[in-house]
Amino acid sequence: MNTHEYQAREILAGYGVPFPPAKLAFTAAEVERVARELGGHVFVKAQIHAGGRGKAGGIKRADSPEEAREAALAMLGRTIRDRMVRKVLVVQAVYLARELYLGAVLDRSLQTVTVMASAQGGVDIEQVAEAAPEAIVRVSTDPLYGLADYQARSLARAVGLSGEQVQAFRDIAQALYRAFWDCDATLLEINPLGVTTTGALVALDAKLVIDDNALFRRPGLAALRDVEQEDPAEVEAQRVGVQYVRLAGQIGCMVNGAGLAMATMDTIHLVGGEPANFLDIGGGARSDQIDAALRIILRDPHVRAMLINIFGGIIRCDMVAQALVNLLAQGEVRVPVVVRLVGTKAAEGRALLAGTSVHIADSMVEAAQMAVALAAGEDQR
Amino acid sequence: MNTHEYQAREILAGYGVPFPPAKLAFTAAEVERVARELGGHVFVKAQIHAGGRGKAGGIKRADSPEEAREAALAMLGRTIRDRMVRKVLVVQAVYLARELYLGAVLDRSLQTVTVMASAQGGVDIEQVAEAAPEAIVRVSTDPLYGLADYQARSLARAVGLSGEQVQAFRDIAQALYRAFWDCDATLLEINPLGVTTTGALVALDAKLVIDDNALFRRPGLAALRDVEQEDPAEVEAQRVGVQYVRLAGQIGCMVNGAGLAMATMDTIHLVGGEPANFLDIGGGARSDQIDAALRIILRDPHVRAMLINIFGGIIRCDMVAQALVNLLAQGEVRVPVVVRLVGTKAAEGRALLAGTSVHIADSMVEAAQMAVALAAGEDQR
Amino acid sequence: MSILVDKHSRVLVQNITGREGSHQTRQMLAYGTNIVAGTGVGKGGRTVEGVPVFESVEEAVQATGANVSIVFVPAPFAPDAIVEAADSGVELIVCITEGIPVLDMVKVCAHVRAKGARLLGPNCPGVISPGLSKVGIMPADVFTPGPVGLVSRSGTLTYEVAAQLTALGVGQSSCVGIGGDPIVGMSFTDILGLFEADPATEVIAMIGEIGGTAEEEAAAFVGERVTKPVVAFVAGKTAPRGRRMGHAGAIVSVGQGTAEGKIAALREAGVLVGETLEKTTEAVAALVAGSRR
Amino acid sequence: MSILVDKHSRVLVQNITGREGSHQTRQMLAYGTNIVAGTGVGKGGRTVEGVPVFESVEEAVQATGANVSIVFVPAPFAPDAIVEAADSGVELIVCITEGIPVLDMVKVCAHVRAKGARLLGPNCPGVISPGLSKVGIMPADVFTPGPVGLVSRSGTLTYEVAAQLTALGVGQSSCVGIGGDPIVGMSFTDILGLFEADPATEVIAMIGEIGGTAEEEAAAFVGERVTKPVVAFVAGKTAPRGRRMGHAGAIVSVGQGTAEGKIAALREAGVLVGETLEKTTEAVAALVAGSRR
């Protein structure tokens, strides 16, 4: 689960991480007032669940309350990176000498938490990881002992800190590490971690992603969820209990199993199409879930054809076929459909679809080829 | 560091451990009022740092506010087990079917925390450990994973609980375990953990001992210290930085090193005397510490002779001798003194003592024999 | 022969009294799996499908000598169930449960390692040694005994590949789903080592996916330690960065986990990587035919 | 020969720039200990008594090949210093520091074990192999080379026993203080095993005290694995229950740790237990004389 900057900030501040003074605001007038309170020189930051908001106009410097008001007017109620801006964080401007990166992620291979730092802060760490992986320094923690002082100090020195900054960095890194565990985070980062012109460390942005599987025991964190920032189709999918991720292509697909769903997407790409989504209905989906999943796909205006790829196990192919037949009968299926059914009750499923407009394929490759061809035909209509 | 029942109770209650309603009171009038608030049927419990207060009149049942007042009058301002009663806890009476024991201690051998339970609660667990060790069930925890559900359930079943009681016990045991770590405890116990006549679990007494070495990082816990409940000589020793424990004998001893101090005590016993104290001045004691240590011993009215046993290492024997010479000169030494000096500057130390009333011994056994004989002579005077 | 489970496996079903546990117990018994015991909190003393139910794993192990367990305990309690099994001397623990908080698995995996037990999963379909024993939830009829060792992070891809192999007339020694979570017990590397040592396995098929570095580590292991031919497939070439593809573990992040990187590492190590599942299974079949010649 | 340290030990002093660290460095250098490096936070690049100071253990180890460290870091930071040494590949870590919270040591000992390092202490005087190397704070002049292996939970009792042995003309192979805290790294058992394997050690002297069960475990180990004669002394027969006798570890509680229980267990295992220190050292001397005859 994603959180907003102001939420992550509040959590980290609770662990003693220093941030510049700031306040959340919902209207331009509020922004102007807050900017005045904060001394006039501020940053106005759109609170949206999207990376790269800076380049997209989601972070603006203002040197007077009036400028802050104007910056807010350009954001509030508008869409940045496909996300509606409902609130902005007004942050007192700080004069920085350098921008560092500090983050914690899971190290799957060592099965523990890794703390990372870089002297190249202020940009997306993914870009640093690609362009200059050696610019990211990592330490692996012992989950029992935690992030050792010496490890935090070595990160501090590696990013060019010295003297009292080393202890300040250590305190921030250990706070981040503790917050990571306490929040059941999968990612927690401070980027940039600024070094001010007077040498002090101050956190200027924070990002927290929480393990969805742990929300059941973190009601306080679960309450931070901002559904409005999520794709409505993904919200609906989560509600009915299927896994959906919107993609940019034209072939909607419904598959059981995450691995098979990805393999299906890859096959579509291989034969010249692009998947419109990832959709895994899971191993034991019910009729109503299948129905909901099909409707989610059909609601996507970019979908030109649908591919259904089911390996029947606990889930029965005839149940999937019946759900599709029902939708067809209701006239809800506006695009050509290709179905591949294997495993439990596959023959029964195919029998149900006989006589409908649905195309039957034997293999995944064949199904993908048919779907791509049909989508191209749709496009020409 | 020892804590009071009401303090341990408050801490555990913060972790969700159920206790009957109760209130701390400092005067008999207060006790009467609280007893009335609590419905009249209460226990009045002296808050002192001493075990076995029940048998010594420190816990009394009252069935009316007036009875509670009388019980309090019999305690407040009096001494129970050598401890002054300054406050009592007034606890609503609960009707119990059974009394269990639940505690956590350090397992030195496995280097982790062990959680113990017994169906024989309500008595000193030391007695159970001696009389019927098999009546105590133990589980060792993984410090990373903590007290597993299954372990808590197995303890619950072992002490005869069943049904919903098992989950209730699990919750209490896991709360106790978490509190143990959070408090840097060396002992944390609920005794008795009562089973009410309706089958509910309720904690009726709690004992918490905190690791002195961890107090530096637990200011909130360090503030719980009640110096008045401690032996003034031990408080003074702690203040000056030496280790002192009052014992029942007549030979005061001052030694450097805990092991050597115990060996000295044992030798005194072996030759027919009894040590009046354990006193370890440590490996690097200063003059003022040695002076303070000598005064602490001399202040004990039971002391009939003093034995000083120093193995000079970092500590110099001449410094110890000089401190003693100074005290002698001030006329502060009211009992015969035997000194054994070995190691760094031993000859110089002995030279300083030549011509004084101090007896010099060569070996530990000889020193003990001399001290015991001198003490006997003092007694006959 | 086979790896992990066979006719001698004495299987314990943890939470056998639950809906999924009892259903799958029926399926496993029907396959011939030697299920000797089950556990159910507060349900000790009952039987499910003729299998005796115990209050704790310790009691079950003492009474029946169970040495393999399969966990159907709901996510909030599954970590505890794994720890209990490891503490009670179970040698192989198969955790089917999906949705366990990943930081719980950091603790559980460390614990299991310290106890010297083996953990498969969580969020995995289990393991089947066709014709011998099934300790998992896979549809049994697509598997058939033979010389291919199959290991996968994905459940349905395991079934798909096994079905295609079976259709091509190629059977399997053992098929292992290691699970789709970011942190799982046994890794590709562990399973590859077992297949390498298993006389019944002639060719190894490995089905990876995006996320993490397990495939890269497997590639290094194959290069150094595996003499048997390995064919691989990696799912997720078209997955966008930073989005979780169903499996909690299927996410590309901080420069790690792309399909391209995995495929390159595997090819570097001499592993044949199929472009599609069909080409992958055909390559496996050809290698089996070749080794039989 | 000796155990733990000898002429080949390359010693690192952690917090060499502190008062105690620099003082003891002088003493150890005077004894001939091969001190190759020191650490001091924020003090990298200096020298202390001619020894180069590094910012981290890792740098010190890389630059000097140090394989033994001695920790003079104050209690709040000592756990971290031990972890750092273990992570940096130091083989033997001697922690002199007193007053470390015991639950910190639960974590630290688990970490050190997992890293495969050895830890002596905390709250210990260290180890001396007379004539070869001293990695500790003991007064050197009471020790002399010879055939007795000495191990103790107490510092001053170590010196006392060594001095008495030296006075009796009996030298020591190595003298080890394992520390007076409830949780320490190497136990009596670990050291007994090393003495048993050390050709230079003919007789073993073991000085225990009340608290815990380390002496009972040592007794069981002696009964099963030690062929060399062992003489023991246990301090604290007159200590009251439930009171801490100086050492955090010297406390009798929950039915464990009495001197009587320890002495009985040791005698049961064939260990000669002296009633006083004098009788203990005399027994050791007699055994040495006997074995020399």
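Each chain gets a letter, A, B and so on, in the order its sequence line appears, and its residues count up from 1.
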Shortest non-hydrogen contact from A:Ala185 to C:Leu103?
O-CD1, 4.2 Å
Would you check if the side chain of A:Asp266 reaches a backbone N or O of C:Lys237 as a donor-acceptor pair within less than 3.5 Å?
yes
Is A:Glu234 close to chain C through its backbone or its side chain, or both, or neither, when contacts mean heavy atoms under 4.5 Å?
side chain
Which one of C:Met105, C:Glu217, C:Glu98 has the most heavy-atom pairs closer than 4.5 Å to chain A?
C:Glu217
In terms of heavy-atom proximity below 4.5 Å to chain A, should C:Pro139 be classed as side chain, backbone, both, or neither?
side chain
Please name the pair of heavy atoms, one in A:Met262 and one in C:Ala235, separated by the smallest distance, quoted to 0.1 Å.
CB-CB, 4.0 Å
Based on non-hydrogen pairs under 4.5 Å, which of C:Gly211, C:Gly155, C:Ser187 is most in contact with chain A?
C:Gly211
Looking only at heavy atoms, the pair that brings C:Val106 and A:Gln111 closest together is CG1-O, 3.4 Å
For A:Thr267, does its backbone N or O pair with a side-chain atom of C:Glu275 as donor and acceptor, under 3.5 Å?
no
To check you understand the geometry: which heavy-atom pair defines the closest contact between A:Asp211 and C:Pro101, and what is its length?
OD2-CA, 3.3 Å
Does a side-chain N-to-carboxylate-O contact under 4.0 Å join A:Arg217 and C:Asp104?
yes
Show the nearest heavy-atom pair for residues A:Arg108 and C:Gly212, with the distance to one decimal.
NH1-N, 3.1 Å
Against chain A, work out which of C:His23, C:Arg244, C:Gln27, C:Met138 has the most heavy-atom pairs shorter than 4.5 Å and name it.
C:Arg244
Please classify the contact between C:Pro125 and chain A as side chain, backbone, both or neither, with a heavy-atom cut-off of under 4.5 Å.
neither
Part of C:Val142 lying under 4.5 Å from any heavy atom of chain A
side chain
Is there a side chain to side chain contact (heavy atoms under 4.5 Å, CB included) between C:Leu277 and A:Met364? Walk through the geometry before answering.
CA-CA 9 Å; C:Leu277 280 180; A:Met364 203 149 52; 3.4 Å; yes
Report the distance from atom CG of A:Asp124 to atom CZ of C:Arg241, rounding to the nearest 0.5 Å.
10.0 Å
All heavy atoms of C:Thr156 vs all of A:Ala258, minimum pair found to be OG1-N, 4.5 Å
Using non-hydrogen atoms only, which part of C:Glu209 is less than 4.5 Å away from chain A: side chain, backbone, both, or neither?
side chain
Looking at C:Arg118, I'd like to know if its CZ atom is crowded, meaning that more than 12 non-hydrogen atoms belonging to other residues, nucleotides or ligands lie closer than 6.0 Å.
no
Nearest-0.5 Å distance, CD1 of residue C:Ile183 to CG of residue A:Asp107
8.0 Å
At a heavy-atom separation under 4.5 Å, does A:Pro143 approach chain C through its side chain, its backbone, both, or neither?
side chain
Contact class of A:Ala261 relative to chain C, heavy atoms under 4.5 angstrom:
neither
Might you work through the side chain to side chain contact (heavy atoms under 4.5 Å, CB included) test for A:Val342 and C:Tyr159, ending with a clear yes or no?
CA-CA 10 Å; A:Val342 196; C:Tyr159 317 158; over 6 Å; no
Checking C:Glu216 against chain A: side chain, backbone, both or neither under 4.5 Å from a heavy atom?
neither
Considering only heavy atoms and a distance below 4.5 Å, find which of C:Lys107, C:Arg153, C:Gln164, C:Glu20 pairs most often with chain A.
C:Lys107
Under a 4.5 Å heavy-atom cut-off, does chain C meet the side chain of A:Val113, its backbone, both or neither?
side chain
Using only non-hydrogen atoms and a strict under-4.5 angstrom cutoff, which residues of residues 269-281 of chain A touch chain C?
A:His269, A:Leu270, A:Pro275, A:Phe278
